[in-house]
Amino acid sequence: PFVVGLISGIYPALFMSSFKPITVLKGVIKTGNSSISFRKVLVVVQFSISIILVIATAVVFQQLYFLQNASLGYDKEHIVTVPYESILSRQYESFKTELLQHPDIKNMARSSRIPTGRLLDDMGVQVLIGDSMQQPANLDLKNVSADHDFIPTYGIRMLAGRNFSKDFSTDTTNYVINHAAVVVLGWKSDQDAVGKDLQYGGVKGKVIGVMNDFHFESMHQKIIPLLLRMPGVTRTFYGNISLKISGTNVSSSIGTIEKVWQKYLPETPFQSVFLDEQFGKLYQSEQRQGSIFTIFSCLAIFIACLGLFGLSAFAISQRFKEIGIRKVMGASVTNIVALLSKDFLQLIIIAAIIAFPVAWYMMYNWLQDFAYRIAISWWVFLVAGVMALLIALVTVGFQARKAALANPVKSLRTE
């Protein structure tokens, strides 16, 4: 857009300011229509690029809005995460009890991974098929180690069965799976899955509950089959602590967590992260793209206006005599502005016709990178086209009105 703008925008504008209309008119007679046609092509290219960038910007921000406001299947608000230290294992219950005494701390859970992080790899799943434990074909089932507080802390809904409970010592060998896992394991329903035998990583147990699907990773990936397991007392596979706070006094809540942390882990620096901040980082690339598209859209439109300004000044200068005659014959300023603007608005319509399919193709392919995405709305194209027309109308209208208000005697004297 910048090179095109320099050729068809800035140069004609400077050209028009340096020479009288009659000089330009004589120059055009020598060169014929090729120079005007070339400038028209450049203006069409400029506005095509501008319209494409406007549509791209709108689609990127629509997708970002969708990602940030879509239902994730869990509650990410007011979740504070801190690293789990193995030294805390023996004192964890006391640590937890002391924190939950604070009224602004609602719940607390441990897990090997937290939502917005990467899931652990499959360790080999076997289910009872017939009389023997067998591994279903083409199965990719991820796992997360979590305690009995993980599901309520994140507000994940149970579809069938129950959550882990500290009242059942056997739950250290049992499993909670999501609905996607029920589907790939070939069970009839969520209720049917409860009580099924399942062996994971060499540990044989039963499915005690089915939870609702939720987006553990970003929406670039589809929701995949997930299994929760609760490690025993002697096995510590935890890596994170998640704390649900009320949100009414965030600074006070963080201060309380830090105070208790320093009491139990005086030699370990306190580090906390809000889950919604982690969630925002998942889409930093898209946010940067949106900002870049916005900047370049504005620059492209500005340069396209320069090109159109130069072309309109160049073309209108050739019609000074015609404008003077029309005014003498009684044409109004409105009629003359409409006459002079018509040809330039046609260029914008041509630019839109070129830009629409190109923009749709580009953004359709960009959206394929997301497993969950918006549909490109027709009104985005309409808004971009109308915006380009209005900008062109203002740009050309300024020149056309100036020519229409000029004294016709001066233009007729040039002959």
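On a predicted model such as this, the values are computed, not experimentally measured, just so you know. Residues take their numbers from the sequence shown, with the count starting at 1.
For Lys196, the side chain to side chain contact (heavy atoms under 4.5 Å, CB included) partners are Trp187, Asp192, not counting sequence neighbours. In this structure Tyr264 satisfies the ring-ring contact (aromatic ring centres under 6.0 Å, His included) test together with Phe95, sequence neighbours excluded. The salt bridge (Lys or Arg N to Asp or Glu O under 4.0 Å) test applied to Arg157 returns no partner, not counting sequence neighbours. Under the side chain to side chain contact (heavy atoms under 4.5 Å, CB included) criterion, Ser48 pairs with Val44, Ala351, Ile354, Ala355, sequence neighbours left out.
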Could you list the donor-acceptor pairs under 3.5 angstrom formed between side-chain atoms of residues 272-286 and any protein atom two or more places apart in sequence or on another chain?
| unit_1 | atom_1 | unit_2 | atom_2 | d |
| --- | --- | --- | --- | --- |
| Tyr283 | OH | Met219 | N | 3.0 |
| Glu286 | OE2 | His220 | NE2 | 3.1 |

Under 3.5 Å donor-acceptor pairs involving side-chain atoms of residues 56-67, not counting sequence neighbours:
| unit_1 | atom_1 | unit_2 | atom_2 | d |
| --- | --- | --- | --- | --- |
| Thr57 | OG1 | Leu53 | O | 2.7 |
| Thr57 | OG1 | Phe293 | O | 3.3 |
| Thr57 | OG1 | Ser297 | OG | 3.1 |
| Gln63 | OE1 | Ile374 | N | 3.0 |
| Gln63 | NE2 | Tyr372 | O | 3.2 |

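Met108 places none of its side-chain heavy atoms less than 4.5 Å from the side chain of Asp149. Contact annotation: the side chain of Lys206 never approaches that of Tyr175 to less than 4.5 Å [non-hydrogen atoms, C-beta and beyond]. By the 4.5 Å heavy-atom criterion applied to side chains, Leu228 and Ile151 are counted as neighbours. In this structure, Asn178 and Val210 have side chains that are not in contact, with every pair of non-hydrogen atoms separated by 4.5 Å or more. A 4.5 Å side-chain heavy-atom check between Phe296 and Ile49 finds every atom pair outside the cut-off.
No side-chain donor-acceptor contact under 3.5 Å links Asp147 to the backbone of Ala109.
For the residue pair Asp104 and Ser246, a side-chain donor N or O sits within less than 3.5 Å of a side-chain acceptor on the partner. Side-chain contact of Tyr238 with Ser89: a donor-acceptor pair under 3.5 Å is absent, judged by distance alone.
Annotation for Ile257 and Phe270: closest pair CG2-CE1, 3.6 Å, computed over non-hydrogen atoms.
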For the pair Val82 and Leu243, evaluate side-chain contact (heavy atoms from CB on, under 4.5 Å) and give the outcome as yes or no after the intermediate values.
CA-CA 8 Å; Val82 296; Leu243 299 106; 4.1 Å; yes
